[in-house]
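Attaching a single structure in structure tokens format; questions to follow.
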Amino acid sequence: MSVEPTDSNAATTPPAAPSDFVRDIVAQHVAEQRYPRIVTRFPPEPNGYLHIGHAKSICLNFGLARENNGVCHLRFDDTNPAKEDIEFVESITADVRWLVAGWADHCLGFKPKGTHPALATHNGQPDFYLASVPPDAPHAEPFFASDYFDALHAYAVELIKRGRAYVCDLSPKETEEYRGAPDKPGRESPYRHRSVAENLDLFARMTAGEFPDGARTLRAKIDMASPNVWLRDPLLYRIRHLPHYHAGDKWCVYPLYDYAHCLSDYLEGVSHSVCSLEFVPHRALYDWILENLGLPRPLPRQYEFAKLVPTYTLLSKRNILRLVQEKVVAGWDDPRLPTLSGLRRRGIPASAIRKFVIGVGVTTFNSVTDIAVFEHAVREELNASAARRLAVLKPIKLVLTNLAAGETVECLATNDPQSEQPTTRKIALTREVFIESDDFAEVPPPKYFRLKPGGEVRLKYACIIKLDEIVKDATGAITELRCTAQLDTRSGQPNADKKVKGTIHWVSATQCLDAEVRLYDRLFNVAEPGAEDDFMKVVNPHSLDVVTAKLEPSLAAATPADRFQFERLGYFALDPVDSQPGKLVFNRTISLKDTWSKR
RNA sequence: UGCCCGAUGGUGUAAUGGUAGCACGAACGACUCUGACUCGUUCUGUCUAGGUUCGAGUCCUAGUCGGGCAGCCA
């Protein structure tokens, strides 16, 4: 059967659920009931801040969960005590919760604080398992791979007993030499054929701290001639005499990523382990470890997708760190950075980030996404939700000569023109007002609709004015514009319908607020800063312009949660860090599209 | 010169052997008390060469181009 879609319904039809190769795979597994439940995970290492690239992974993993009545675990992949810190688990947790709030909160999986995988029996076999709880359950916390160190160690002993792992005494340098090269097979370690008993003994002594860092490793016994170098007896455990920020000082052997990740997924009952393309060669190892342990429950599988690469931005932790350290930006949450904390501070709604990253789709093709797509998503969200206000960024004084000094003319301004039933507020027109200096030109270019000598414009929500005189000081600088207000062109007055080509924004010079406004622009001058020899050479020196603006008085009541459109200028929000009552600081989230200045 | 992966307008993505569509972008126009929004028109595409088929973006073969893989990082 087929039903012809009608155009009249198109606007109200909700957008189709996302469709991509990962969702296709999951749908098939749901259909064949391969897993008791769809469980995904977002597994950051707590060694930096999350950025918009992570948002793509978060939205994919949480999206998979919410579309399949599943759950997505936030798990810290913290197997390297040398790099990780509690500071990052806090910021990452806050960022994830902010991003999914109101969209997939109900899919976020935490676990009871302090719990570790429990040993149980599954189909008559011993099995470790750790179930999730909702994040708002009492004493809930995210998952930590470091909570699995006991289970992981037990699995390692099992691999040794099965003759699938051995303790190797090769030094780091020797290990590298024995590994060979992608086009050249490796050589077997001389320690590869130790007895199970000897391996068990040595691994126990490694764990007990008998050997110094780097002296020995635990390795999987796979195939030193494999064309996939990750299968050439990969390291499972290394010795690190270092305390761990979460696991404490119990351990001096720590598992490596490939060993810990697949088993962490299994322990949590993860069904689909979705990661980025650089892990494709690791997939064979992911499967090998799980398949060689004789595990009783259905095994998770790894699927890979291409990372997000937006133009005019840099995403790697290393590069962002350099921008922070060299003080190109003020910190990890600088509003010019693509970090989630930076974007949030800039005033960008989480919903806009979600709309963007979901909209770009999920493929296995390395692509570059035009940042304009992101900017469009931000404007679309804000246009629908931001309250309209009047503000002047770079003021020039204008005197309405036919108004008395103390006289005020009450005007009604619309708060939400996109709404079905717009609301209004009162603003005062006075003899002296500020207008934007860009809205006046003594020598106007062609097709200039704004204020010019002898010309007329409308003051938004007020009346049409005519420019009579330009007053300059001794140096020739303009000090004020003297105009006549045509009060009968106000809304509701006889000539309200009079048309002029230009409408400009303004604020009363006697009833206004001063505020610091930070005008942000892109951080780089080239589309692909990462492709430069040194991205520091292409930093945009004008990425931040700080002005003292004049705001309409109602903005004194603004809170950091508010989003505003300063009409004809852009979208603005209070800086949640630096703004104080009485000393307001606004960030420009994004400008309005400007098809005029482009000419 | 080993192995793996990929290739659809300027960009991103859809089409699962049967009309190459959507979005961003750009240009032009309409509307406008935001040069915004909205609306309309237009623009540009299946890497190449063979093959299978009634029919190929889709399947096969070869090539070209691009990405990835040799951390005791994740």
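Naming: A, B, ... by sequence-line order, numbering from 1 per chain.
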Centre-to-centre under 6.0 Å for A:His54 and A:Tyr49, is that the case here? no
Parsed dot-bracket for RNA chain B after applying the Watson-Crick and G-U rules with both distances under 3.5 Å and | for other-strand partners is .((((((..((((....[..))))((((((.......))))))...(((((..]....))))))))))).....
Regarding A:Asp265 and A:Tyr286, is there a side-chain donor-to-acceptor distance under 3.5 Å anywhere? yes
Taking only the C1' atom of each, what is the distance from B:C33 to B:A27 in whole angstrom? 27 Å
If we take the C1' atom in both B:U58 and B:G45, what is their distance in whole Å? 16 Å
Give one of base, sugar-phosphate or nothing for A:Phe365, where a contact means two heavy atoms less than 4.0 Å apart. sugar-phosphate
Looking at A:His376, does any N or O in its side chain come under 4.0 Å of the phosphate oxygens OP1/OP2 on B:C24? yes
If the threshold is 4.0 Å, N to carboxylate O, is there a salt bridge linking A:Glu381 and A:Arg563? no
I'd like the C1' distance from B:A56 over to B:G51, given in whole Å. 11 Å
Say we look at B:A30 and B:C37: how far apart would their C1' atoms be, to the nearest angstrom? 14 Å
Distance between C1' atoms of B:C59 and B:G18 (Å, rounded): 15 Å
Identify, between A:Lys56 and A:Asn366, the residue whose nearest nucleotide on RNA chain B lies closer to the 5' end. A:Lys56
Rounding to the closest angstrom, what is the interatomic distance between B:U48 and B:U64 at atom P? 15 Å
For B:G71, is chi within 90° of 0 (syn) or not (anti)? syn
With A:Ile52 as reference, evaluate A:Ile348, A:Thr339, A:Thr313, A:Val357 under the side-chain contact (heavy atoms from CB on, under 4.5 Å) test and give the passing residue. A:Val357
Say you pick atom P in B:G66 and the same atom in B:G29; how far apart are they, in whole Å? 42 Å
Which atoms of nucleotides 42-44 of chain B (N or O only) lie under 3.5 Å from a protein N or O atom, and what are those distances?
none

Verify the distance criterion only: is there a donor paired with an acceptor across the side chains of A:Ser554 and A:Arg389 at less than 3.5 Å? yes
What's the gap between B:A74 and B:U34 when it is taken at their C1' atoms, as a whole Å value? 48 Å
